[in-house]
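Reviewing the structure listed below.
Note that this is a predicted model, so its numbers are computed, not measured. Naming convention: chains lettered A, B, ... in sequence-line order (proteins, then strands); numbering from 1 in each chain.
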Number of protein chains: 2
Amino acid sequence: MQPTPLTELHARVEKHLGENNIRYSTGRQKFIAALHAAGGPRSATHLHTTELDDVPLSSLYRTLTVLEDIGILERTHDSDGVAMFELGEWLLGHHHHLICTSCDVVTDIDLGEGLEDAVAEISATVAASHGFTMTGHTLDVLGLCEDCG
Amino acid sequence: MQPTPLTELHARVEKHLGENNIRYSTGRQKFIAALHAAGGPRSATHLHTTELDDVPLSSLYRTLTVLEDIGILERTHDSDGVAMFELGEWLLGHHHHLICTSCDVVTDIDLGEGLEDAVAEISATVAASHGFTMTGHTLDVLGLCEDCG
DNA sequence: CTACTTGCAAATGCTTTGCAGGAGA
DNA sequence: TCTCCTGCAAAGCATTTGCAAGTAG
């Protein structure tokens with residue numbers, strides 16, 4: 001997937017924050033940049049110990065909560081139940097995940113139009129046959145990343 | 001999916017426990033029966049407040065840990081990061097999940113051979129193109145269940 | 001000046017663990 | 001009788017929150 005340029009990302013986030021009367025403070029900008037550079041979901045602790053080591057965890061969590069509330073962020077959980085945050089689909093585009101079961105690193109992937117349509121159709125089919133109103137789907141591919149394999 | 005009969009499930013679990021020198025105590029039997037009846041992953045708290053209300057949470061967690069360690073159980077997490085437990089794939093068969101975003105109930109589903117093969121092939125294709133050694137995949141369909149829709 | 005943000009410290013909630021008693025083989 | 005299992009209470013850890021101080025508009 002071709003990533004959104006950081007400049008455009010900042011602009012879109014700032015606009016969305018503005019519409020919700022929330023300031024795009026320096027701390028929040030730094031956070032967005034860090035997550036943009038990550039290339040996949042990251043935990044608060046991970047960000048705190050790497051790119052954002054000068055930001056107190058509680059402040060980081062507050063940023064996370066604020067951004068999640070207005071849809072900038074989405075929260076998932078790793079195999080230990082620790083929260084992982086990534087940019088929302090409307091900012092990042094629809095995608096799926098490669099999850100390395102050895103080092104736990106998660107990588108965003110784009111299936112491409114053909115395969116994506118197939119997955120969407122399969123999901124819709126099975127949802128319908130269970131009286132379920134589908135609103136989305138997630139496909140995680142588990143295995144060993146290039147480094148661990 | 002046609003569920004494994006409870007009797008057969010008990011037998012298989014007991015055998016596996018025996019091979020690991022672990023007793024199939026009454027408490028563990030009650031737990032397996034409760035999870036069998038659930039039809040999808042359940043949290044410790046959920047089981048504690050419904051079927052297993054006489055079992056202390058700490059004991060329940062201990063049962064969970066023991067059974068997870070030897071592969072009887074698999075642990076996932078709901079949207080709030082709370083641990084959910086279900087029988088392992090070798091006991092339950094490969095399957096996917098319908099997740100209701102309103103009431104949070106998770107239901108096991110079987111795609112059927114054709115669709116399952118398609119998902120497996122798509123996953124394998126995308127894994128290969130990223131230098132990733134695939135060992136498995138999960139497909140979650142999100143939406144509203146029959147009751148909430 | 002006012003409203004939004006941040007940091008610290010304390011609290012919360014899920015989950016794990018030490019230890020002593022209980023029960024099955 | 002020996003080993004494994006259970007319960008209670010206490011500890012652990014990720015995450016949240018109250019409150020006071022800081023800062024941008």
- Task: Specify whether A:His96 and A:His137 have parallel, tilted or perpendicular ring planes, treating 30° as the upper limit for parallel and 60° as the lower limit for perpendicular.
- Result: parallel
- Whether each nucleotide of nucleotides 6-11 of chain C has a protein heavy atom under 4.0 Å at its base (B), only at its sugar-phosphate (S) or at neither (-) is summarised, 5' to 3', as BBBB--
Tell me: [atom1] of [X] to [atom2] of [N], nearest whole Å?
X: B:Leu52; N: D:dT6; atom1: CG; atom2: P; value: 12 Å
X: A:Gln29; N: C:dT5; atom1: CD; atom2: P; value: 12 Å
X: B:Leu64; N: D:dG7; atom1: CG; atom2: P; value: 14 Å
X: B:Leu57; N: D:dA9; atom1: CG; atom2: C1'; value: 14 Å
X: B:Leu67; N: C:dT16; atom1: CG; atom2: P; value: 13 Å
X: B:Asn21; N: D:dC2; atom1: CG; atom2: P; value: 17 Å
X: B:Phe85; N: C:dC14; atom1: CZ; atom2: C1'; value: 10 Å
X: A:Asp80; N: C:dT16; atom1: CG; atom2: P; value: 10 Å

- Should A:Ile72 and A:Ile32 count as side-chain neighbours, where that means a heavy-atom distance under 4.5 Å?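 Side chain of A:Ile72 against side chain of A:Ile32, heavy atoms only: contact under 4.5 Å found.
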- Minimum heavy-atom distance B:Arg42-B:Val106, with the two atoms named: NH1-O, 3.6 Å
- Message: Measuring from atom OG1 of A:Thr138 to atom CG of B:Asp140, what distance do you get when rounded to the nearest 0.5 angstrom?
- Response: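 Rounded to the nearest 0.5 Å, the OG1-CG separation comes out at 4.0 Å.
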- Any residue of residues 70-79 of chain B with a heavy atom less than 4.0 Å from an atom of DNA chain D: none
- Message: Given 3.5 Å as the limit, does a donor-acceptor pair link the side chain of B:His97 with the main chain of B:Pro41, or not?
- Response: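 No, the answer is negative, given that no donor and acceptor are paired below the 3.5 Å cut-off.
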- Query: With distance as the sole test, does A:His16 use its side chain to make a donor-acceptor pair with the main-chain N or O of A:Ile70 at under 3.5 Å?
  - Reply: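 Yes, the answer is positive, given that a donor and an acceptor are paired below the 3.5 Å cut-off.
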- Test for a donor-acceptor pair under 3.5 Å between the base of C:dC4 and the side chain of A:Arg23, counting only N and O atoms.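 Yes.
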- Query: Would you call A:Lys30 and A:Asp54 a salt bridge, using N to O less than 4.0 angstrom?
  - Reply: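 Yes, A:Lys30 and A:Asp54 are salt-bridged.
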- Item | Donor on one side chain, acceptor on other, A:His95 and A:Glu116, under 3.5 Å | no
- Among A:Gln29, A:His10, A:Glu14, which one satisfies side-chain hydrogen bond (donor to acceptor under 3.5 Å, both in side chains) with A:Tyr24? A:His10
- Query: Contact class for A:Ile22 vs. all strands (heavy atom < 4.0 Å): base, sugar-phosphate, or nothing?
  - Reply: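 Contact class for A:Ile22: sugar-phosphate only.
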